[in-house]
Amino acid sequence: MPEVKYRLYRDGDEVGIVDVINKCFSSFNGWGLTANKWLEYEKLDYAFRKDMALVAEYDGRVVGHVQLILRKLKMGVRKYLLNGGIANVSTDPEFRRRGIATNLMRLAIKVCRERGIPLSGLFTGYPGTAHRVYRRVGYANTYFMFTFIAELDEIDEVKDVYPVVEGIKIEEIEPNDVNRLDELYRSLHEGCAGVALRTRSYWLNKILGDKVSFHTFFYDNPEAYIRVKAMLGNRIVGYALAFLPYKARYTYDPKDRGIILEILGENSGIVGSLALHLFKAFREHGLKTVSGSFPAADPYLNVFEGFNVFRCGGIYMEALPRLDVYLREMSEEFSSRLEDNGVKLDAKILFTSKHAEAGIRIRGHQVELYDGNKYDVVVRVDWDGLTRMIYGIEGFIDLYSSGYISVESKFDPRKVLTALATMFPLRVFHIWRIDHW
Ligand SMILES: CC(C)(COP(=O)(O)OP(=O)(O)OC[C@H]1O[C@@H](n2cnc3c(N)ncnc32)[C@H](O)[C@@H]1OP(=O)(O)O)[C@@H](O)C(=O)NCCC(=O)NCCS
């Protein structure tokens, strides 16, 4: 019996990879993934590289596949870090339950470690076989996702509660709005973590062009979208992107629904005005329901207050393949968090958790990676908790006070706790659906 071999992409693998993906996902099969479309992803999206496809090969045939999506995620005020995102995990139905996906996932983490990629995140359903496979190899339960959903009729009844800005004009977005949209996207996510980096060509290829994305791997015709900007005088002060599944060539979304893919504005009134515009448009299209995934913060909690919020069985999992690289890349950000808050400390701190261990040295406000073997402080963190802390889903203090972190310190622990709380604050975690992989 030949053995199953695990390896990176080789020329020509695309045919076998696409065959396995189409056998395993009705979404790709229905959408019509072909080897040519798979190769074309490389031109559309900086995060897709064919040489980052992993395969399981049996007797010359691709029987399993995992794609690494190298998207950069926002982890600090201005800092984006590389994420070896896991996508399209698939094992040919004839070859399941013999460890192929588990071995491919182990290889994916190894590739991230060897290439110094600090993060590796994935989206999956909870609970289920896939979730258990990921958990077994070290992915944490980082964030349970949720969706805002409403009947359009019910929104009608509470219309007057929406904040609006007088004098706003809503117009179609044009490709030459790209710089201003990118500026808004960056500036309005100051306090957020997770949000994906978008290059100019990403905006033009995936959002403003003819192949409009509703997910990293799925796009459709512009007719299936509403792409509008909010204008105050000559200034663009917000924008919204919505998807109309009933007009799409293919989608797994309900056909009676309008989906708000993204909505951003300089204040609640602008987001409210854009939302009301979309609801009206959805009604004109004869739709019945509306949904969207938004950051759990204002202006969204305010504007979408009348919606029902559901945990939809989706979870974001993180494996943190290189805690040391994460700490090194974030050291400047940590230093400015300490400096801005007037917090000083002299200490060598080791972070230790089930699947990762690395240290830092703080001198005054300055933080740097430290890989010596003598530490003044040892911070033991629960694994799920560590992944939540680096994304700011929970702050250091929340985890410490609920018992997910213990701190052993040679000197006054209060100063140490203050420094750690300052370095790891609570933030708003969100990744917009277009960028999901
Ligand atoms: C999810 C999926 C990738 C798993 O692939 P797989 O190669 O069968 O995965 P593994 O063999 O590593 O593990 C699957 C199960 O087999 C078990 N298993 C692994 N090796 C085994 C062995 N030698 N003998 C018996 N059972 C074994 C695992 O414990 C696991 O069991 P569990 O569900 O009780 O936890 C596959 O079912 C698939 O392609 N599904 C459709 C696509 C999909 O949903 N992908 C995930 C998207 S996020």
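Order of listing sets the numbers, starting from 1, for every ligand and every atom in it.
- Under the 30°/60° scheme for interplanar angles, the aromatic rings of Tyr252 and His215 are found to stand perpendicular.
- You'll find the ring centres of Tyr58 and Phe95 inside the 6.0 Å limit.
- Under the 6.0 Å cut-off for aromatic ring centres, Trp437 and Phe217 do not qualify, their centroids lying 6.0 Å or more apart.
- Any N or O atom pair closer than 3.5 Å counts here, and Phe123 shares no such pair with ligand 1.
- Under a 4.0 Å criterion applied to the non-hydrogen atoms of Tyr134, ligand 1 contributes the atoms 46 (C), 47 (C), 48 (S).
- With ring centers used as reference points, Trp31 lies under 6.0 Å from Phe218.
- With hydrogens left out, the protein atom closest to atom 32 (P) of ligand 1 is Arg132 NE, 3.5 Å, a heavy atom.
- Counting protein heavy atoms only, atom 14 (C) of ligand 1 is closest to Thr129 CG2, 3.5 Å.
- Counting only heavy atoms of the protein, atom 36 (C) of ligand 1 lies nearest to Arg96 NE, 3.4 Å.
- Lys211 places no side-chain N or O within donor-acceptor distance of the main-chain N or O of Asp220, the cut-off being under 3.5 Å.
- In this structure, the protein non-hydrogen atom closest to atom 30 (C) of ligand 1 is Arg136 NH1, 3.9 Å.
- Backbone and side-chain nitrogen or oxygen atoms of Phe25 are examined, and none is located within less than 3.5 angstrom of a nitrogen or oxygen of ligand 1.
- In terms of protein heavy-atom proximity, atom 19 (C) of ligand 1 is nearest to Gly99 N, 3.4 Å.
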Between Met52 and Arg115, is a side chain to side chain contact (heavy atoms under 4.5 Å, CB included) present by the stated rule, with each step listed?
CA-CA 11 Å; Met52 286 288 102; Arg115 294 177 193 225; 3.0 Å; yes
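- Close approach of ligand 1 to Ile100 (heavy-atom distance below 4.0 Å) involves ligand atoms 7 (O), 11 (O), 12 (O).
- For atom 25 (C) of ligand 1, the nearest non-hydrogen atom of the protein is Arg97 O, 3.7 Å.
- Between Tyr316 and Phe429, the ring planes lie tilted relative to each other; the angle falls in the 30° to 60° range.
- Contacts with ligand 1 closer than 4.0 Å are made by side-chain heavy atoms of Val133 only, the backbone lying farther away.
- Between Tyr326 and Phe334, the ring planes are perpendicular. Angles over 60° get that label, and only those under 30° would be called parallel.
- Among all protein heavy atoms, the one lying closest to atom 7 (O) of ligand 1 is Thr91 OG1, 2.8 Å.
- In terms of protein heavy-atom proximity, atom 4 (C) of ligand 1 is nearest to Ala101 CB, 3.8 Å.
- Checking only distances, Ser90 never comes within under 3.5 Å of ligand 1, N or O to N or O.
- Residues Tyr185 and Tyr239 place their aromatic rings such that the two centres sit no closer than 6.0 Å.
- Ring planes of Phe25 and Phe28: perpendicular class, angle over 60° (limits at 30 and 60°).
- Atoms of ligand 1 found under 4.0 Å from any heavy atom of Thr124 (numbered from 1 in listed order, with element): 48 (S).
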